[in-house]
Amino acid sequence: MKEINVKKLQRVEAPIGEYENIIAFQLVEFSINFFGHEETFTLDTKITNEGQFVIDGNGWIKEGYQVI
């Protein structure tokens with residue numbers, strides 16, 4: 001069973017007019033417990049009007065994953 005915990009870290013507001021549809025960027029720490037094996041890593045996310053999404057993924061979390 002895979003369990004994902006999310007901890008939101010530093011948030012930086014995007015400069016107005018610099019990025020289309022992006023309000024801010026935020027680092028997010030993910031902790032995954034995969035059948036007793038624990039992995040912790042930090043990924044960049046972007047915050048838009050539609051939600052918060054991972055910019056570049058890794059082997060555990062894919063690009064575009066929506067952070068809730």
Side-chain angles (χ1 to χ4, degrees):
M1 179 173 164
K2 181 167 69 170
E3 180 182 317
I4 301 174
N5 294 312
V6 176
K7 178 180 176 184
K8 295 182 179 182
L9 304 173
Q10 184 175 352
R11 176 180 167 142
V12 176
E13 300 300 317
I16 297 173
E18 184 91 16
Y19 300 97
E20 187 175 326
N21 299 325
I22 297 177
I23 298 168
F25 298 95
Q26 186 171 35
L27 292 173
V28 176
E29 180 181 273
F30 291 89
S31 296
I32 296 180
N33 185 327
F34 188 72
F35 293 103
H37 177 77
E38 294 188 30
E39 290 283 333
T40 301
F41 47 87
T42 304
L43 296 174
D44 291 321
T45 65
K46 62 183 175 183
I47 300 171
T48 67
N49 293 329
E50 290 82 33
Q52 184 171 5
F53 303 94
V54 172
I55 295 173
D56 288 322
N58 61 14
W60 295 99
I61 303 292
K62 294 182 179 184
E63 180 179 350
Y65 175 86
Q66 185 170 8
V67 179
I68 298 174

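Since this is a predicted model, take the numbers as computed values, not measurements.
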Chemist: Could you work out, with side chain to side chain donor-acceptor pair (under 3.5 Å) as the rule, every residue matching Gln52, not counting sequence neighbours?
Modeler: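 Per chain and number, Gln52 pairs via side chain to side chain donor-acceptor pair (under 3.5 Å) with Lys8, Gln26, Thr45.
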Chemist: Tell me every residue that passes ring-ring contact (aromatic ring centres under 6.0 Å, His included) with Tyr65, counting only those two or more places apart in sequence or in another chain.
Modeler: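 Listed in chain order: nothing, the list is empty.
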Chemist: Any pair with a residue in residues 11-30 that passes salt bridge (charged side-chain N to carboxylate O under 4.0 Å, His left out), sequence neighbours left out, goes on the list, sorted by first then second residue, please.
Modeler: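 Salt bridge (charged side-chain N to carboxylate O under 4.0 Å, His left out) check on residues 11-30 returns Arg11-Glu13.
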Chemist: Distance check, rounded to the nearest 0.5 Å: Glu38 atom CD versus Ser31 atom OG?
Modeler: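 Interatomic distance, Glu38 CD to Ser31 OG, rounded to 0.5 Å: 7.5 Å.
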Chemist: Run the numbers on Thr40 and Phe30 for side-chain contact (heavy atoms from CB on, under 4.5 Å), then give the verdict.
Modeler: CA-CA 6 Å; Thr40 301; Phe30 291 89; over 6 Å; no
Chemist: Around atom CD of Gln10, are there more than 12 heavy atoms from other residues, nucleotides or ligands closer than 6.0 Å?
Modeler: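 No, CD of Gln10 has 12 or fewer neighbouring heavy atoms, counting only those of other groups under 6.0 Å.
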Chemist: Other than Leu27, which residues form its hydrophobic cluster under the rule that side-chain heavy atoms must be closer than 4.5 Å?
Modeler: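 Via sub-4.5 Å side-chain contacts, Leu27 links to Leu9.
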Chemist: To the nearest 0.5 Å, what is the distance between CD1 on Ile61 and CD1 on Ile32?
Modeler: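 CD1 of Ile32 is found 4.0 Å from CD1 of Ile61.
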Chemist: Not counting sequence neighbours, which residues clear side-chain contact (heavy atoms from CB on, under 4.5 Å) with Glu50? List them please.
Modeler: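 Thr48, Phe53.
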Chemist: How far apart are the C-alpha atoms of Val54 and Lys62, what are their side-chain angles, what is the distance that settles it, and do they pass the side-chain contact (heavy atoms from CB on, under 4.5 Å) test?
Modeler: CA-CA 7 Å; Val54 172; Lys62 294 182 179 184; over 6 Å; no
Chemist: Taking only residues two or more places apart in sequence, or in another chain, which ones meet Tyr19 in a ring-ring contact (aromatic ring centres under 6.0 Å, His included)?
Modeler: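 Expected list: Phe25.
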Chemist: How many angstroms lie between NZ in Lys2 and CZ in Phe35, if you round to the nearest 0.5 Å?
Modeler: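 Here the interatomic distance stands at 10.0 Å.
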Chemist: If you apply the rule side-chain contact (heavy atoms from CB on, under 4.5 Å), what do you find for Val28 with Thr42, and how did you get there?
Modeler: CA-CA 6 Å; Val28 176; Thr42 304; over 6 Å; no
